[in-house]
> 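Quick one: the structure is below, questions incoming.
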Amino acid sequence: MPTHYPKTLPEAHRAFIDVALRVLPEDSRILGLAAAGSYLTDNMDEFSDLDLVVITEPGKQDEVLRDRVAIARELGTYLAGFTGEHVGEPRVLITLYGSPLIHVDLKFVSLADAHVRVEEPAVLWQRDERVSGALSQGRGVYPQPDIAWIDERFWIWMHYGASKIGRGEIFEAIDMINYVRSNVLGPLALRRAGARPQGVRRLETADPDFAAALRETVPSCTKADCLRALHVSVDLYRQLRADYANLKRHEGVEQEVLAYMQKIGIGM
């Protein structure tokens, strides 16, 4: 058992971990259990997910993946679950336990792959020192937004959104605005605030002023308001982009797209 838990760890989450620490060591294919996510920053509450990493013997990884639902059922009152292909991580079993309801992500990682990660997990239990040894071989670094990559695409995204507004495909336009908020504006603002650039997660506390401004990118279901939100997205992006003085900007494309957005507004 860990000598201490984060102070903010809810009792239901702690009880789940306690069960996992009793059950998983009985499976010889499993070498360790680690915690990730908000557990690491001691920033949890009753609404938090529980992110756990189950480390397996390399030769048993495929077998454990086939059995992962059965393993998960042993850890509590398993209500539902599905694998994480939609987020590019098929090793993750996304689950819901009850009662009370707890969202638990169980990531089954081979010892051979434990050095490849985006954060430094807290080891809760290990069968032997191989787990610590594997983790010592690498360092978790969360992916940072690439402003050059973003700027090459941003104005194409803006043109796409404006064209959908012009055609009257309002839901498609809203989806584009939402995409830009979660994949461009949120990560750049969080990075500027010194927080993990994970979509728009906890932006309200990391940068309340920017979060307030970002509200204006949430449109109603009208062409005029979608175009307004698109212009706000441009303004906020330009503010964030100003932090990158050495960025090679695509000014010709930018001006063409801004003129196109104006034209769409005149035609409405």
> Shared ILVMFWY cluster between I147 and Y179, side chains joined below 4.5 angstrom?
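Yes, because I147 and Y179 connect within a single hydrophobic cluster, where side-chain heavy atoms sit under 4.5 Å apart.
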> Check whether any side-chain heavy atom of P90 sits under 4.5 Å from a side-chain heavy atom of T83, and report yes or no.
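No - every pair of side-chain heavy atoms lies 4.5 Å or more apart.
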> Can you tell me how far apart CZ (R127) and CD (E57) are? Round to the nearest 0.5 Å.
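Here the rounded value is 8.0 Å.
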> What are the two closest heavy atoms between A134 and L111, and how far apart are they?
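Scanning both residues completely, I find the closest heavy atoms to be CB-CD1, 3.6 Å.
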> Could you pull out the closest heavy-atom pair between G84 and I94, with the gap in Å?
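Closest heavy-atom pair between G84 and I94: CA-CD1, 4.2 Å.
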> For the CD atom on E256, are there more than 12 heavy atoms of other groups (residues, nucleotides or ligands in this structure) within a distance under 6.0 Å?
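Result for CD/E256: open.
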> So does R181 get a backbone contact from the side chain of N178, meaning a donor-acceptor N/O pair under 3.5 Å?
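Judged by distance alone, no pair lies under 3.5 Å.
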> Should L124 and L52 count as side-chain neighbours, where that means a heavy-atom distance under 4.5 Å?
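Contact flag for L124/L52 side chains = yes.
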> Between S132 and Q126, what is the shortest heavy-atom contact and its length?
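Heavy-atom minimum between the residues: OG-NE2, 2.7 Å.
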> Does one hydrophobic cluster hold both W149 and L188, with members joined at side-chain heavy-atom distances below 4.5 Å?
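Linked, W149 and L188 end up in one cluster.
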> Closer than 3.5 angstrom, by distance alone: can the side chain of D42 be matched with the main-chain N or O of T8 as a donor-acceptor pair?
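Side chain of D42 to backbone of T8: a pair is present.
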> Is it the case that over 12 heavy atoms from other parts of the model lie below 6.0 angstrom from the CZ atom of R228?
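Yes.
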> For E120, enumerate each residue passing the salt bridge (charged side-chain N to carboxylate O under 4.0 Å, His left out) test, keeping only those at least two apart in sequence or located in another chain.
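By the salt bridge (charged side-chain N to carboxylate O under 4.0 Å, His left out) rule, E120 matches R117.
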> Using modelled atom types and a 3.5 Å cut-off, is there a donor and acceptor pairing between side-chain atoms of S110 and backbone atoms of A112?
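Yes, S110 side chain to A112 backbone: donor-acceptor pair under 3.5 Å.
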> Can you tell me if E204 uses its side chain to pair, donor with acceptor, with the backbone of A211 under 3.5 Å?
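Not a single qualifying donor-acceptor pair exists.
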> For D113 and V109, indicate whether the former's side chain and the latter's backbone hold a donor-acceptor pair under 3.5 Å.
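No, D113 side chain to V109 backbone: no donor-acceptor pair under 3.5 Å.
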> Taking all atoms of both residues into account, what is the closest heavy-atom pair of A162 and L230, and its distance?
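Closest approach of A162 to L230: N-CD2, 3.6 Å.
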> Let me confirm one number: the CZ-CG distance from R196 to L40, rounded to the nearest 0.5 Å.
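Interatomic distance, R196 CZ to L40 CG, rounded to 0.5 Å: 7.5 Å.
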> D45 versus S48: any side-chain heavy-atom pair under 4.5 Å?
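A side-chain contact exists here, since the closest heavy-atom pair is under 4.5 Å.
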> Rounded to the nearest 0.5 Å, how far does NZ of K60 lie from CG of D27?
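Result: 10.0 Å between the selected atoms.
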> For the residue pair F82 and H86, categorise the inter-ring angle as parallel (less than 30°), tilted (30 to 60°) or perpendicular (more than 60°).
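Rings of F82 and H86: tilted, 30 to 60°.
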> Before giving the answer on side-chain contact (heavy atoms from CB on, under 4.5 Å), spell out for Y39 and L9 the whole-Å C-alpha distance, their side-chain angles and the decisive distance to 0.1 Å.
CA-CA 7 Å; Y39 182 103; L9 182 69; 4.1 Å; yes
> Salt bridge between E89 and K107, side-chain N to carboxylate O under 4.0 Å?
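Yes.
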> Output, in order, the C-alpha distance, side-chain angles, deciding distance and verdict of side-chain contact (heavy atoms from CB on, under 4.5 Å) for E216 and D235.
CA-CA 11 Å; E216 298 303 315; D235 291 342; over 6 Å; no
> When clusters are formed by joining ILVMFWY residues with side-chain heavy atoms under 4.5 Å apart, either directly or through shared neighbours, do V54 and V92 land in the same one?
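Different clusters.
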> If every non-hydrogen atom of I150 is compared with every non-hydrogen atom of P145, which pair is closest and at what distance?
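Minimum heavy-atom contact is CD1-CB, 4.1 Å.
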> Taking a hydrophobic cluster as the set of Ile, Leu, Val, Met, Phe, Trp and Tyr residues connected by side-chain heavy atoms closer than 4.5 Å, whether directly or through intermediates, do W155 and L236 fall within one such cluster?
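Per the 4.5 Å side-chain linkage, W155 and L236 are co-clustered.
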> Has T217 got a side-chain atom pairing as donor or acceptor with S233's backbone, closer than 3.5 angstrom?
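No; judged by distance alone, with no hydrogens or angles, the pair does not exist.
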> Of all heavy-atom pairs between L240 and F210, which one has the smallest distance, and what is that distance?
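Where L240 meets F210 most closely, the heavy atoms are CD1-CZ, 3.6 Å.
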> Treat each ILVMFWY residue as a node, draw an edge where side-chain heavy atoms are under 4.5 Å apart, and state whether V19 and Y97 are in one component.
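Yes, because V19 and Y97 connect within a single hydrophobic cluster, where side-chain heavy atoms sit under 4.5 Å apart.
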> Are the side chains of L75 and L106 in contact, using a 4.5 Å heavy-atom criterion?
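Touching, per the 4.5 Å side-chain cut-off.
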> Set out, in order, the CA-CA distance, both residues' side-chain angles and the distance that settles side-chain contact (heavy atoms from CB on, under 4.5 Å) for Y160 and E172, then state yes or no.
CA-CA 9 Å; Y160 182 87; E172 186 71 11; 2.6 Å; yes
> CG/L190 to CD/Q144 distance, rounded to the nearest 0.5 angstrom?
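So the gap between those two atoms works out to 10.0 Å.
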> Considering only heavy atoms from C-beta outward, does the side chain of Y5 approach that of D18 to under 4.5 Å?
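Answer yes - side chains close enough.
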> Applying side-chain hydrogen bond (donor to acceptor under 3.5 Å, both in side chains) between T56 and each of R29, Q61, R91, report the one that passes.
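The side-chain hydrogen bond (donor to acceptor under 3.5 Å, both in side chains) with T56 is passed solely by Q61 among R29, Q61, R91.
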> Nearest 0.5 angstrom please: L93 CG to Y78 OH, how far?
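L93 CG to Y78 OH: 4.5 Å, rounded to 0.5 Å.
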> Would C226 and K164 satisfy side-chain contact (heavy atoms from CB on, under 4.5 Å), going step by step from the backbone distance to the final call?
CA-CA 10 Å; C226 283; K164 300 312 168 191; over 6 Å; no
> Take atom CZ in R167; do more than 12 heavy atoms of anything else shown fall under 6.0 Å from it?
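Atom CZ in R167 is not packed in, count stays at 12 or less.
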> Please check: side-chain N/O of T77 versus main-chain N/O of G98, any donor-acceptor pairing under 3.5 Å?
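Such a contact is found between T77 side chain and G98 backbone.
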> Answer whether the closest heavy-atom distance between the side chains of R153 and H250 falls below 4.5 Å.
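Answer no - side chains too far apart.
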> With the side chain counted from C-beta on, respond yes when I71 and L24 share a heavy-atom pair under 4.5 Å apart, and no when they do not.
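Yes - at least one pair of side-chain heavy atoms lies under 4.5 Å apart.
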> Ignoring hydrogens and angles, tell me if any N or O in the side chain of D128 forms a donor-acceptor pair with the backbone of R130 under 3.5 Å.
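Yes; judged by distance alone, with no hydrogens or angles, the pair exists.
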> So does M44 get a backbone contact from the side chain of H13, meaning a donor-acceptor N/O pair under 3.5 Å?
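Pair absent, no side-chain N/O of H13 close to backbone of M44.
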> Nearest 0.5 Å, what's the OG-CD1 distance between S182 and I177?
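It comes to 12.0 Å.
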> Do V131 and W125 make a side-chain contact, defined as non-hydrogen atoms from C-beta onward lying under 4.5 Å apart?
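No. Closest side-chain heavy atoms not under 4.5 Å.
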> For the pair R241 (side chain) and R238 (backbone), establish whether a donor and an acceptor sit closer than 3.5 Å, ignoring hydrogens and angles.
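Flag not set: sc R241 to bb R238 has no pair under 3.5 Å.
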